[in-house]
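A short worksheet on the structure shown next.
Side chains included, hydrogens not; waters and symmetry mates left out as well; all remaining heavy atoms used.
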Amino acid sequence: MEKKRLILIGNGMAGIRTIEEILTLMPDYFDITVFGKEPYPNYNRIQLSKVLQGDTTLQDITLNEWEWYEANAIRLYPGETVIEIDTHNQMVSTDKGKQMAYDYLIIATGSNPFMLPLPGVDKEGVTAFRDIEDCEKMLDASKHYKRAAVIGGGLLGLEAARGLLNLGMDVDVIHISDYLMERQLDIAAGKLLQKELEAQGMNFWLEKQTAEIIGKKRVTGLRFSDGGKIPVDLVVMAVGIKPNVQLAQEAGIEVNRGIVVNDYMETSVPNIYAVGECAEHNGMVYGLVAPLYDQGKALAKHICGMNHTGYKGSVLSTQLKVSGVHVFSTGLIHETNQTKSIKVFDEWRNTYKKLLIEKDRLVGAVLFGDTKEGTKLLHLIKQGANIEDYFESQSATDSQESTVQAMADDEIICGCNGVSKGTIVSAIQTKGLTTVEEVKGCTNASRSCGTCKSLVQDLLTATLGEGYEANEKETICSCTDLSRDEVIEEIRTKHLTHSKEVMHVLGWKSEEGCSKCKPALNYYLGMLYPEEHEDERESRFVNERLHANIQKDGTYSVVPRMYGGVTNADDLRTIADVADKYNVGMIKLTGGQRIDLLGIKKEDLPNVWKDLGMPSGYAYGKTLRTVKTCVGSQFCRFGTQDSTGMGIQLEKKFEGLNTPHKVKMGVSACPRNCAEGGIKDVGIIGLDGIWEVYVGGNGGTDLRKADLLVKVKTEAEVLEYTAAFLQYYRENARYLERTSHFVERVGLEMIQEIVSNSELRKQLNERMNQALSVYKEPWKEVMESDTTLKQLYEKVFVK
Ligand SMILES: Cc1cc2nc3c(=O)[nH]c(=O)nc-3n(C[C@H](O)[C@H](O)[C@H](O)COP(=O)(O)OP(=O)(O)OC[C@H]3O[C@@H](n4cnc5c(N)ncnc54)[C@H](O)[C@@H]3O)c2cc1C
Ligand SMILES: NC(=O)c1ccc[n+]([C@@H]2O[C@H](COP(=O)([O-])OP(=O)(O)OC[C@H]3O[C@@H](n4cnc5c(N)ncnc54)[C@H](O)[C@@H]3O)[C@@H](O)[C@H]2O)c1
Ligand code: SF4
Ligand code: FES
């Protein structure tokens, strides 16, 4: 049988999902051609926010690799735009002069960002946030400019603003309404959200209309309709989207706001369908993937000739993808004459919940601070459930794991992809799935925004029991299917010594690797072969390459080593002279008892180091940072041991050691613990005649109290046990895993068992000494290399 010719216009999320559904139903029925304006395979547009926020990379957001099109015999024309549809002859024409006939045509052209028609909107530095190109523009601008303005305080604007903050920019958000996300939240939640985002560093201008974008060639500022002005170097327009309907309109297809479709996604012209953000169903145009995927499912069934009831519209739910902020809304947001509401505001926990009820039926919900109930509420609203059903369902306990256990089989776990608990559990059981990645591949759950990932994990745990965690395989990154342990094993057995070699021999999917695997491989190779492996500086993060911390304004900070936090008058005088000579912007004492010189120009760095004549404090690296000490027995009347001396010994021994993540230490001489060892990676407390060694503490975002590893009698033993712990951590932690997470993952008992075994401890110490033996002071090394000086610091160094 001759295959039917199916053409898809738009290689985006809704169109390709429809093709996937069609392939599942009738893999060999159509001869498929896809035209995509963007020069990429189908990627996850949703994740652009995460790319901007630094949580993932552009390489990692591809949904369907080139090989997928090939394997499914799909002819893909990337970077090619369809410019005309001839509905009479059933042909399409492209901007590259191609003409192609179809039996069926699907239009999935998505939306265009709405750009306010302001004077100056075409200036350099003004961008939308819709595609990879926009994302790259922002990433690039953040390297050269400081001040960003986002126009529009909706979902997109706030996610963009968070990304720009993460990129080191100052961010103003200009919003037309009197509170944020007014289309998705009520005023109470909107105000709580504003407070939270202000605490994160965003600056808001509410009830403001932008009147003009100022600047010559490039934007330099914004003028508001009330006459006020603000200076900016980058403007991101996020004031909504417009369905991309021009092509359909010109072809005579019925268009209202979007391309008008019926329940089967049929347009007004036979054999032409529309799906996604460009389609209008029952007067609704949707801008979230969940309804678009439902449309795709309905269209696939229809085009494959299956019996079905068609698409009936969707109940929407939204979540903001900004870390540290939990907001959710679904169904009706605002009270009406017919609704009654339940509102709970917990000022102490900073949470807010509003439920809207119409004739005893739950019709809407807004959550702030705690969104655990989101999926359940969405499900109940979709079902048209009675409010009593909700109260009954609340009898489940608060823990998330028991939340999934208490869910009914038809409850939705992944809102974006419409995947129910029953589907996931059955796939785990019948297909032997053991990881989130496998569940994603098999059911699509967690394939879009990713917010349901933890629920999928809970379902795996609930279904597989204790065995799940042991089974979960986390690959290093999407360049490989191998886990960290597998890669290390292969490096060891095949004696691979360079990252490129590892990627080549182990069949990396991308030749160059990505920002996740490159520094990780460099670390693993250095850890395995400290003497043989030559550090691959180019794969390190910028601060480590330059041996200084880059600051918001593009200058650097310099922190010289100050062993145990002890200094002297000569060193202080030298530091003062350097500060004067190089116009240091600020001299600041750090939390780790050192002196930070801030505001130094990149080209001055080598000369600053030379004039200081002190070793690098490594305030920028994945290595030992500081050893904070208390004054101890020498001066303090409570001191039982020489904590300062002990700290200096530790710092001198372990300085420059490459570790999976930064390592901080603290040494105190009595339980008052003035050096705060309880929140350090290694904390030492001196008591009468003994030293306690604590590990795995953290004082940062994931606050964790350190665990007591061992009690010893001598300073030599402190050094020996610390070395054994650190070497065990170096050899077994994942790259970028802090000791706090490592200790939790591996378990304190296991670590105690290893380091208390004298033979294993001896071996760990030997390997540690080998690693330490190759240490070279980095600032000195840079100053001795003309090539590095020229390549990295751009100015000839005065030797
Ligand atoms: C930064 C960001 C974050 C988001 N976050 C979320 C989220 O968390 N949750 C959520 O549900 N939704 C989110 N969305 C919205 C979601 O991405 C969209 O709803 C979804 O991508 C729409 O899919 P679509 O296929 O209709 O359109 P698109 O994905 O835009 O695909 C349309 C494609 O068609 C191409 N095209 C257009 N005209 C032509 C032509 N004439 N010829 C050939 N090709 C053409 C376009 O270039 C585009 O590649 C987000 C959007 C953005 C921009
Ligand atoms: N987490 C998510 O689900 C997510 C994230 C990003 C984007 N998206 C989707 O992408 C699309 C675009 O998002 P969006 O935030 O641009 O659309 P939106 O329509 O949700 O929000 C636009 C916001 O801009 C404001 N605005 C309008 N005109 C303005 C003006 N002149 N000055 C200042 N503010 C003005 C509006 O009041 C509104 O709050 C939407 O469909 C959205 O659902 C979803
Ligand atoms: S920890 Fe104890 S010994 Fe050290 S400074 Fe504080 S009180 Fe004194
Ligand atoms: S809820 Fe978005 S991917 Fe599952």
Side-chain angles (χ1 to χ4, degrees), residues 484 488 520 523-531 533 561 563-564 592 617-619 621-629 646-667 675 677-685 691-699 704 706-712 714-775:
R484 172 231 180 251
I488 289 190
Y523 169 75
Y524 296 138
L525 287 163
M527 179 270 288
L528 290 167
Y529 308 119
E531 285 159 353
H533 173 67
R561 184 67 74 193
Y563 299 97
Y618 259 121
K622 315 274 176 285
T623 174
L624 174 68
R625 293 279 176 95
T626 61
V627 182
K628 189 169 180 171
T629 64
M646 182 75 254
I648 292 173
Q649 282 189 65
L650 283 163
E651 192 160 352
K652 289 205 159 153
K653 178 167 171 101
F654 297 112
E655 74 177 307
L657 178 71
N658 276 320
T659 42
H661 209 310
K662 61 187 168 193
V663 168
K664 296 179 178 181
M665 299 192 193
V667 188
I679 50 164
K680 301 286 182 215
D681 298 275
V682 177
I684 315 284
I685 298 185
W691 293 96
E692 291 178 338
V693 180
Y694 290 81
V695 294
N698 194 310
R704 183 179 192 276
D707 295 310
L708 178 61
L709 178 73
V710 66
K711 292 185 191 194
V712 293
T714 65
E715 292 182 355
E717 284 172 305
V718 170
L719 292 168
E720 189 184 323
Y721 276 87
T722 303
F725 167 72
L726 285 179
Q727 184 63 15
Y728 187 65
Y729 164 61
R730 294 182 74 236
E731 292 176 4
N732 294 283
R734 300 172 186 140
Y735 183 65
L736 294 187
E737 184 175 34
R738 286 294 296 264
T739 61
S740 50
H741 292 135
F742 173 69
V743 171
E744 294 237 318
R745 180 169 63 82
V746 175
L748 180 71
E749 271 179 31
M750 170 79 165
I751 299 170
Q752 278 174 326
E753 211 177 300
I754 303 277
V755 301
S756 61
N757 178 315
S758 59
E759 185 48 39
L760 292 178
R761 192 167 67 247
K762 186 167 153 243
Q763 289 169 11
L764 285 164
N765 267 269
E766 280 166 9
R767 293 200 291 277
M768 169 61 85
N769 288 339
Q770 196 191 12
L772 290 169
S773 70
V774 297
Y775 168 62

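A heavy-atom distance below 4.5 Å is not found between the side chains of M665 and I684. Using a 4.5 Å heavy-atom threshold, the side chains of T623 and E655 count as separate. Between L772 and F654, some side-chain heavy-atom pair lies under the 4.5 Å cut-off. Annotation: side chain of V627 is not in contact with side chain of V682 (no heavy-atom distance under 4.5 Å). In this structure, the side chains of V746 and N732 stay at 4.5 Å or more apart for every pair of heavy atoms. Using a 4.5 Å cut-off on side-chain heavy atoms (C-beta onward), V695 and T722 make no contact. Residues N698 and I679 form no side-chain contact, since every pair of their non-hydrogen atoms from C-beta on lies 4.5 Å or further apart. A heavy-atom distance below 4.5 Å is not found between the side chains of F725 and R730.
Annotation: the span from M768 atom CE to E731 atom CD amounts to 9.0 Å, rounded to 0.5 Å. Summarising the geometry, atom CG belonging to L719 is positioned 5.0 Å from atom CD belonging to Q649; distances are rounded to the nearest 0.5 Å. Distance check, rounded to the nearest 0.5 Å: CG of L657 to CE of M527 gives 11.5 Å. If you take CG on L726 and CG on L650, they are separated by 9.0 Å, rounding to the nearest 0.5 Å. Taking CG from L624 and OH from Y618, the interatomic distance works out to 10.5 Å, rounded to the nearest 0.5 Å. Expressed to the nearest 0.5 Å, how far OG1 of T659 lies from CG of D681 amounts to 8.5 Å.
A distance-only check finds no donor-acceptor pair linking the side chain of Q763 to the backbone of L760 [under 3.5 Å]. Of the possible polar contacts, one joining the S756 side chain to the E753 backbone as a donor-acceptor pair under 3.5 Å is found. Between the side chain of T629 and the backbone N or O of V667, no donor-acceptor pair lies under 3.5 Å. The closest donor-acceptor contact from the side chain of R704 to the backbone of T739 lies at 3.5 Å or more, if one exists at all. When atom types are taken as modelled, the side chain of R738 and the backbone of K662 share a donor-acceptor pair closer than 3.5 angstrom. Between the side chain of R761 and the backbone N or O of V755 there is at least one donor-acceptor pair closer than 3.5 Å.
Note: Y524 and Y735 have perpendicular aromatic rings, judged against thresholds of 30 and 60 degrees for the angle between ring planes.
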**OP:** Dump the intermediate steps for side-chain contact (heavy atoms from CB on, under 4.5 Å) on L709 and Q752, then the final yes or no.
**Re:** CA-CA 6 Å; L709 178 73; Q752 278 174 326; 3.9 Å; yes
Subject >> Test side-chain contact (heavy atoms from CB on, under 4.5 Å) applied to Y729 and V663, step by step >> reply: CA-CA 11 Å; Y729 164 61; V663 168; 4.0 Å; yes
**OP:** Kindly determine whether E715 and W691 satisfy side-chain contact (heavy atoms from CB on, under 4.5 Å), including the steps that lead there.
**Re:** CA-CA 8 Å; E715 292 182 355; W691 293 96; 3.9 Å; yes
Original post:
Hey, mind stepping through E692 and Y694 against side-chain hydrogen bond (donor to acceptor under 3.5 Å, both in side chains) and telling me if it holds?
Top reply: CA-CA 6 Å; E692 291 178 338; Y694 290 81; 2.7 Å; yes
**OP:** For the pair R734 and F742, evaluate side-chain contact (heavy atoms from CB on, under 4.5 Å) and give the outcome as yes or no after the intermediate values.
**Re:** CA-CA 8 Å; R734 300 172 186 140; F742 173 69; over 6 Å; no
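By the 6.0 Å and 45° rule, K652 stacks over the aromatic ring of Y563.
Nearest heavy-atom pair across Y523 and P660 is OH-CD, 3.3 Å. Across all non-hydrogen atoms, the minimal contact from A706 to G677 is CB-O, 4.1 Å. Minimum interatomic distance between H661 and L736 (heavy atoms only, all atoms of both residues): CD2-O, 3.2 Å. Shortest non-hydrogen contact noted between A771 and P530 is CA-CB, 3.9 Å.
Salt-bridge formation is detected for the pair E737/R745: a Lys NZ or Arg NE/NH1/NH2 atom is positioned less than 4.0 Å from an Asp or Glu carboxylate oxygen.
Using modelled atom types, one finds no donor on one side chain facing an acceptor on the other under 3.5 Å when comparing R767 with Q770.
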